[in-house]
Amino acid sequence: MERRIDYVVFDMDGLLIDTERVYTEVTNDILGRYGKIMTWDIKAQLMGKPQIESVTHLLSLFPGIDITIDQYITESQKKLDANWPTVQLLPGVQRLIQHLVKHNVPIVVATASSRRNFVRKSENLKEFFDYFQGNIICADDVAGKTTGKPDPYIFLHAAGVLGKAVGATEQCTEAEAVERDKGLVFEDAVYGVQAGKRAGMSVVWVPDERLLDVASPSPYIPDETLTSIEHFKPEKWGLPPYDTQ
């Protein structure tokens, strides 16, 4: 592989923090009243999508249940807010972020979460997110400019925030393509992988193992697939290796 990476873009939910667990529990709590369940093949279609698009698609799969989109959002938001304080970092995340910061590698978060939800999810993890020095791109920051992943805009915008001249559309100049090629995206969602590849960047996919069983074939193939960020080897990407322990 031996590619030289100059900056790194991170998804957040299910990649840095274990919020996907909470989303699954709350969703199935609500659907359970109607005798329904969100299976992993359904969840795969929702991950990485902004809230309204995600909920709209979810409920379209259960046309017989008596709950509106607005009612679902109101109820789920209340339940989610009550659970965000339990959210923790996923294995290997702290070590990787501290390592990149130590070696002055530019990093940024690009999440489909709203700014409101990011604030609540990160409430007990402020010290960790301070490593990003404010480079947190939320759905609000790109509203009206993208339909969400797999559209690549949020990743291109995130790279631009880091001062990288990558352009803002999938089509790009030769110089922009060179700059995009220096970026590395970490994702756990299938749509996120597609967005990263369409942005012209390399992608490390760190899916829940249950997602591997239901992911549909895609022309957008991740450059590396890991079961955990713990297993990431920075030197494979031209980044400084971890200190010997």
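Residue indices begin at 1 and follow the sequence shown.
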Closest non-hydrogen atom pair, E179 against Y7: O-OH, 3.0 Å
Any I73 side-chain heavy atom under 4.5 Å of I52 side chain: yes
L100 side chain near F10 side chain, heavy-atom distance below 4.5 Å: yes
Steps toward salt bridge (Lys or Arg N to Asp or Glu O under 4.0 Å) verdict (D208, K43): CA-CA 11 Å; D208 186 292; K43 186 174 177 67; over 6 Å; no
Residues Y72 and T56: side-chain donor-acceptor under 3.5 angstrom: no
For K149, the option from E187, M47, E53, Q194 that meets side-chain contact (heavy atoms from CB on, under 4.5 Å): E187
Heavy-atom pair with the smallest gap, counting every atom of F155 and V9: CD2-CG1, 3.6 Å
Sub-4.5 Å side-chain heavy-atom contact between D6 and R4: yes
Contacts of K121 that satisfy salt bridge (charged side-chain N to carboxylate O under 4.0 Å, His left out) - sequence neighbours left out: D13
Pairwise side-chain contact, T225 with P207, heavy-atom cut-off 4.5 Å (strictly under): yes
Modelled atom types, side-chain donor and acceptor of D140 and S114, under 3.5 Å: no
Test item: D18 side-chain N/O and G14 main-chain N/O as donor-acceptor pair under 3.5 Å: no
Over 12 foreign heavy atoms within 6.0 Å of CD, E170: yes
Donor-acceptor contact present, side-chain T86 to main-chain N83, <3.5 Å: yes
Donor-acceptor under 3.5 Å (R33 side chain, D29 main chain): no
SB check E123 K126 (cutoff 4.0 Å): yes
Residues I42, L61; criterion side chain to side chain contact (heavy atoms under 4.5 Å, CB included); working and verdict: CA-CA 9 Å; I42 293 174; L61 300 175; 3.6 Å; yes
Check: S54 side chain, P50 main-chain N or O, donor-acceptor pair, under 3.5 Å: no
Non-hydrogen side-chain atoms of I229 and L15 separated by less than 4.5 Å: yes
Main-chain N/O of P240 paired with H99 side-chain donor or acceptor, under 3.5 Å: yes
Minimum side-chain heavy-atom gap T24-M38 below 4.5 Å: yes
Close side-chain approach of W237 to F232, heavy-atom, < 4.5 Å: yes
Side chain to side chain, L16 and F186, heavy atoms closer than 4.5 Å: no
Aromatic plane relationship, H157 with Y153 - under 30° parallel, 30 to 60° tilted, over 60° perpendicular: parallel
Side-chain donor-acceptor pair present, Q77, N117, cut-off under 3.5 Å: yes
Euclidean distance, T147 OG1 relative to K49 NZ, rounded to 0.5 Å: 5.5 Å
